[in-house]
Amino acid sequence: MNVPSADIKLKKKITEIGQFIGNTPLWELKNVFPRKEVKIFAKLEWMQLGESVKARPAYNIIRESIFSGEMSNEKILLDATSGNTGIAYASIGAALRIPVTLCIPENVSSERKNLLKMLGATIIFTSPFESTDGAQFEAKLLAEKFPDKYFYADQYSNSNNWKAHFNHTSEEIYFQTNKEITHFVAGLGTTGTFTGTGRKLKLLNEKIQLVSLQPETIMHGLEGWKHLETAMVPAIYDPTLADGTLSVPTNEAYNLIKIVAQKEGLLISPSSAANLAGAIKVSENIPQGAVVTIFPDNLSKYGEVLNSIN
């Protein structure tokens, strides 16, 4: 069977892009939590194409769809997002010359909206009161109405989301800590990071404790996070995986942003600060260990947050 040259080029290009995804550095937070018996580490996930942790699942979803034949130059990539996955889709899509359409809650930060427009994505705004649940509903309707027009990536149900972390993020963490990791702590949004990384870490060492994080209240300021008791639970979420769950108040996370900037020299986002808040809570209650969390992105997309802190 003859394979169209366009498909061959697309497969070659997506494979080349892979070298710019993942392999992010692991940062030890020595000044924020100066306790010798317990070390806290964070993966600096903005240091890859797309500038967030979402580059990993976005790349894996696109790559697998191209190699399976679901995605081609003839289709538009469609998904719902709160911003970071959309930016990753748009960045990779631009490099591949694949059009991207995104359903996004209208209240996402202006920086994210501007970045998506700059990258050439088509944006469909959805109700700010329905969060990403409303965006998912709109994307699903479009996909069902125009099945030949769109490849619906569906990051909340697509197993290639969590598999990106299962196959890569987990092993990076395990070996970057010289196999000494004792706890993995991460917030829940699409739940792909926690599910994929956690599953593999348990296979590498069943003694590693997995702690999931959620916002303390329904109305919170942690973009990308879900209050699972009141939101649509992603199909990829595994409720049996976590050894423990903690709640993080938004104000606690926001207070950490300035502390980390002044003590570590890192400008981290609210969700990164929330992950750190959870990691600190875990670290305060163990005699010794190596606690690893994720810094999904930095502060560059959060001008309003930066202004409020200053």
query: Considering residues at least two apart in sequence or located in another chain, which fulfil the salt bridge (Lys or Arg N to Asp or Glu O under 4.0 Å) criterion with Asp133?
result: Lys226
- prompt: Looking at Val291, Leu204, Val292, which one forms a side chain to side chain contact (heavy atoms under 4.5 Å, CB included) with Ile181?
  reply: Val292
task: Please say whether more than 12 non-hydrogen atoms of neighbouring residues, nucleotides or ligands are located less than 6.0 Å from CD in Gln19.
output: yes
message: Looking only at the side chains, is there a donor atom on one of Asp238 and Thr195 sitting less than 3.5 Å from an acceptor on the other?
response: no
field: Rounded distance [0.5 Å steps], CD1 in Ile62 versus CD1 in Ile92
entry: 4.5 Å
message: Would you say CD of Gln288 has more than 12 non-hydrogen atoms from neighbouring residues, nucleotides or ligands within 6.0 angstrom?
response: no
- prompt: Short question: side chain of Asn178, backbone of Glu180 - any donor-acceptor pair under 3.5 Å?
  reply: no
- prompt: Quick one: do Ile76 and Leu119 end up in the same hydrophobic cluster if we chain Ile, Leu, Val, Met, Phe, Trp and Tyr together by side-chain heavy atoms under 4.5 Å apart?
  reply: no
- prompt: Atom CH2 in Trp162, atom OG1 in Thr193: separation rounded to 0.5 Å?
  reply: 13.0 Å
- request: Give a yes or no on whether Leu213 and Tyr156 share a hydrophobic cluster (residues Ile, Leu, Val, Met, Phe, Trp, Tyr; joining criterion: side-chain heavy atoms under 4.5 Å apart).
  value: no
message: Running the 4.5 Å side-chain criterion over Ile, Leu, Val, Met, Phe, Trp and Tyr, what cluster does Phe129 land in, apart from itself?
response: none
query: Okay, side chain of Asn158, backbone of Ala153: is any donor-acceptor separation there less than 3.5 Å?
result: yes
statement: Looking only at heavy atoms, the pair that brings Ala277 and Val248 closest together is CB-CG1, 4.0 Å
task: Answer yes if the side chains of Lys301 and Ser109 hold a donor-acceptor pair under 3.5 Å, and no otherwise.
output: no
field: Salt bridge present between Asp7 and Lys11 (N-O < 4.0 angstrom)
entry: no
- request: Please lay out, stage by stage, how Leu246 and Val211 fare under the test side-chain contact (heavy atoms from CB on, under 4.5 Å).
  value: CA-CA 7 Å; Leu246 296 173; Val211 181; 4.0 Å; yes
CG on Leu266 to OG on Ser272, rounded to 0.5 Å: 9.5 Å
- prompt: Are the side chain of Ser157 and the backbone N or O of Asp154 linked by a donor-acceptor pair below 3.5 Å?
  reply: no
task: Step through the shown structure and confirm whether more than 12 heavy atoms of other residues, nucleotides or ligands are within 6.0 Å of NZ on Lys140.
output: no
- prompt: Closest heavy-atom contact between Thr197 and His165?
  reply: OG1-CB, 3.3 Å
- line: One should read off an interatomic distance between Glu70 CD and Leu77 CG, to the nearest 0.5 angstrom, of 11.0 Å
- request: Is it possible for you to say whether Ile104 and Val100 belong to one hydrophobic cluster, with membership spreading through side-chain heavy-atom contacts below 4.5 Å?
  value: yes
message: Would Ile208 and His183 count as a side-chain contact (heavy atoms from CB on, under 4.5 Å) here? Give the steps.
response: CA-CA 5 Å; Ile208 296 172; His183 295 74; 5.8 Å; no
- request: For Ser170 and Leu201, work out which heavy atoms get closest and say how close.
  value: O-CD2, 3.7 Å
field: Between Ser72 and Glu74: side-chain donor-acceptor atoms closer than 3.5 Å
entry: no
- request: Among Thr293, Leu29, Leu256, find the residue that satisfies the side chain to side chain contact (heavy atoms under 4.5 Å, CB included) test when tested with Ile280.
  value: Leu256
query: Can Arg56 and Glu45 be counted as an ion pair, charged N to O under 4.0 angstrom?
result: yes
- request: Look only at the side chain of Gln176 and the backbone of Thr24, and say whether a donor-acceptor pair between them is shorter than 3.5 Å.
  value: yes
field: Beyond-backbone contact of Asn161 with Asn60, side-chain heavy atoms, under 4.5 angstrom
entry: no
query: Judged by modelled atom types alone, do Thr85 and Gln155 share a side-chain donor-acceptor pair under 3.5 Å?
result: yes
- request: Using modelled atom types only, decide if a donor and an acceptor are shared between the side chain of Gln48 and the backbone of Ser52 within a distance under 3.5 Å.
  value: yes
message: For Glu206, is the CD atom crowded, meaning more than 12 foreign heavy atoms sit under 6.0 Å from it?
response: no
task: Give a yes or no answer on whether the side chain of Ser91 reaches the backbone of Ile87 with a donor-acceptor pair at less than 3.5 Å.
output: yes
- prompt: Can you name the residues that form a salt bridge (Lys or Arg N to Asp or Glu O under 4.0 Å) with Lys39, not counting sequence neighbours?
  reply: none
message: I need the Glu28 CD to Ile40 CD1 distance, nearest 0.5 Å.
response: 9.5 Å
message: Does Leu142 form a side-chain contact (heavy atoms from CB on, under 4.5 Å) with Ile124? I'd like the steps, not just the answer.
response: CA-CA 11 Å; Leu142 271 176; Ile124 299 172; 3.4 Å; yes
message: Holding to side chain to side chain donor-acceptor pair (under 3.5 Å), I want the full list of residues that pass it with Ser212, two or more places apart in sequence or in another chain.
response: Thr245
- request: Using the test salt bridge (Lys or Arg N to Asp or Glu O under 4.0 Å), find all partners of Lys202 that sit at least two apart in sequence or belong to another chain.
  value: Asp243
query: With distance as the sole test, does Asn285 use its side chain to make a donor-acceptor pair with the main-chain N or O of Lys281 at under 3.5 Å?
result: yes
- request: Check the pair Ser68 / Ser65 against side chain to side chain donor-acceptor pair (under 3.5 Å), numbers first and verdict last.
  value: CA-CA 5 Å; Ser68 69; Ser65 70; 5.8 Å; no
- prompt: For the side chain of Glu64 and the backbone of Tyr59, is there at least one donor-acceptor N/O pair under 3.5 Å apart?
  reply: no
- request: Give the minimum heavy-atom separation between Thr126 and Ser131, together with the two atoms involved.
  value: OG1-O, 4.4 Å
query: Going hydrophobic residue to hydrophobic residue with side-chain gaps under 4.5 angstrom, can you get from Phe175 over to Leu26?
result: yes
query: At their closest point, which heavy atom of Tyr89 faces which heavy atom of Ile61, and how far apart are they?
result: OH-CD1, 3.7 Å
query: Quick one: OH on Tyr254 to CD1 on Ile259, what's the gap to the nearest 0.5 Å?
result: 15.0 Å
query: For residues Tyr152 and Asp79, is any side-chain donor paired with an opposing acceptor at under 3.5 Å?
result: no
query: Linking Ile, Leu, Val, Met, Phe, Trp and Tyr by side-chain heavy atoms under 4.5 Å, what else ends up with Phe137?
result: Leu141
task: Assess whether side-chain contact (heavy atoms from CB on, under 4.5 Å) is satisfied between Asn298 and Ile268, documenting all intermediate values.
output: CA-CA 4 Å; Asn298 62 15; Ile268 63 173; 5.9 Å; no
query: Short question: side chain of Asn275, backbone of Ile294 - any donor-acceptor pair under 3.5 Å?
result: yes
query: When you measure from the side chain of Thr81 to the backbone N and O of Gly86, does any donor-acceptor pair fall under 3.5 Å?
result: yes
message: Apply side chain to side chain donor-acceptor pair (under 3.5 Å) to residues Asp297 and Ser269 and explain how you reach the verdict.
response: CA-CA 6 Å; Asp297 59 351; Ser269 67; 2.5 Å; yes
task: Assess whether atom CZ of Arg35 is packed by more than 12 heavy atoms of other residues, nucleotides or ligands within 6.0 Å.
output: yes
query: Think Lys200 forms a cation-pi with Phe166, using NZ or CZ under 6.0 Å from the six-ring centre and within 45 degrees of its axis?
result: yes
task: Answer yes or no: does atom NZ of Lys113 have more than 12 heavy-atom neighbours from other residues, nucleotides or ligands under 6.0 Å?
output: yes
task: Please name the pair of heavy atoms, one in Ile14 and one in Phe67, separated by the smallest distance, quoted to 0.1 Å.
output: CG2-CE1, 3.8 Å
